[in-house]
Amino acid sequence: ELGGSEVDLKLITDLNNESFTISIDQNRYLLKFPAIPDEQSGDAFARGWEMVISLNSLCRLRFPGFGNLSAEQVIRNENSDGSRGTTIVMKTAEIKIRTFPATITAGGVTTKPIDVVNARLSTAISIPEVARVLRLRNTENLDWSQMYRVLEAVESDRDVVDAGWITNKQRKLFKHTANSVTTSGDKARHGREVNDPPKNPMLEETARALLDKIIASWIDEKGSSKRS
């Protein structure tokens, strides 16, 4: 069973992913996905939870202020056609009111904000390194050491400066600020001052926004490469 705010859960019911479905049944939000032959309940839950973490992290990237989703119950079920499936039940928690990007219709094609999340989620489900970065990102307010770890995970696959997602000057300032105890205090990546602190450190909120841009661009590139 998944916990989350009702506005967040209603938002993700618009997802139309080939790997799972999300629906509402008696005020319960259900995430359903096909079973793998001989898969144990614990393994099915872990697979479903991985999807939930990726979904939660992607929604944080797309929708500022998106809250926490949590899985609490897994159900194995037999379908009418004889196939087996797994259901994770989601319950609502606190109610939050926020505004999200509007649905856009152009040239007869309607695009919902959740569509971007859906495409990136398909990439995360099929590419383990993307799922790992999203696990590391899935915190509401990343601190400096966490942000540095996420950047390193992305850069183990792609040079973000070469990709054009950040300038070399920005990357140096990001890392310099993250490493500096004087600037970042207990949240710093290092436990002592290794170099002189930056004269004009990067703000945490600036770093988070920059990192989210990098993650989104990297996932989109990975998804495009996969499709081609």
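Since the model is a prediction, treat every value here as computed from it, not as a measurement.
Here Ser57 pairs with Leu134, Arg137, Asn138 under the side chain to side chain contact (heavy atoms under 4.5 Å, CB included) rule; sequence neighbours left out. Remark: Arg158 pairs with Glu221 by the salt bridge (charged side-chain N to carboxylate O under 4.0 Å, His left out) rule, at least two apart or across chains. In this structure Leu136 satisfies the side chain to side chain contact (heavy atoms under 4.5 Å, CB included) test together with Arg132, Arg149, Val150, Ala153, sequence neighbours excluded. Arg171 pairs by the salt bridge (charged side-chain N to carboxylate O under 4.0 Å, His left out) definition with Glu155, Asp159, not counting sequence neighbours. Remark: Pro198 pairs with Leu173, His176, Thr177, Ser180, Thr183, Pro201 by the side chain to side chain contact (heavy atoms under 4.5 Å, CB included) rule, at least two apart or across chains. Partners of Thr206 by side chain to side chain donor-acceptor pair (under 3.5 Å), not counting sequence neighbours: none found.
Scanning both residues, Ser126 and Ser122, for their nearest heavy atoms gives OG-O, 3.1 Å. The heavy-atom pair separating Ala124 from Ala131 by the smallest distance is O-CB, 3.6 Å.
Side-chain contact between Asp157 and Val133 is absent, with no heavy-atom pair separated by less than 4.5 Å.
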Step by step, work out the side-chain contact (heavy atoms from CB on, under 4.5 Å) result for Val116 and Arg120. CA-CA 6 Å; Val116 175; Arg120 291 171 179 166; 3.3 Å; yes
Using side-chain contact (heavy atoms from CB on, under 4.5 Å), reason through Asp43 and Arg47 one step at a time and then give a plain yes or no. CA-CA 6 Å; Asp43 294 331; Arg47 187 161 59 96; over 6 Å; no
I would like to know whether Gln170 and Val161 meet side-chain contact (heavy atoms from CB on, under 4.5 Å); could you show each step before the answer? CA-CA 9 Å; Gln170 286 174 315; Val161 172; over 6 Å; no
Test side-chain contact (heavy atoms from CB on, under 4.5 Å) applied to Asp143 and Gln146, step by step: CA-CA 5 Å; Asp143 63 28; Gln146 291 169 321; 3.2 Å; yes
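The distance from atom CG of Leu210 to atom CH2 of Trp165, rounded to the nearest 0.5 Å, is 12.5 Å. If you take CG on Asp220 and OG on Ser225, they are separated by 10.5 Å, rounding to the nearest 0.5 Å. To the nearest 0.5 Å, atoms CZ (Arg60) and CG (Asn68) are separated by 4.5 Å. Here Leu69 contributes atom CG and Trp49 contributes atom CH2; the two are 7.5 Å apart, rounded to the nearest 0.5 Å. Atom OG1 of Thr123 sits about 10.0 Å away from atom CH2 of Trp218, to the nearest 0.5 Å. Here the NZ atom belonging to Lys213 is positioned 8.0 Å from the CD1 atom belonging to Ile166, to the nearest 0.5 angstrom.
The closest donor-acceptor contact from the side chain of Thr139 to the backbone of Leu142 lies at 3.5 Å or more, if one exists at all.
Arg135 and Asn56 share no side-chain donor-acceptor pair at under 3.5 Å.
Asp162 CG: more than 12 foreign heavy atoms inside a 6.0 Å radius.
Each of Leu151, Val160, Ile214 was scored for a side chain to side chain contact (heavy atoms under 4.5 Å, CB included) with Phe174, with one residue passing: Leu151.
Residues Met202 and Val181 fall into different hydrophobic clusters, defined by Ile, Leu, Val, Met, Phe, Trp and Tyr side chains chained together at heavy-atom separations under 4.5 Å.
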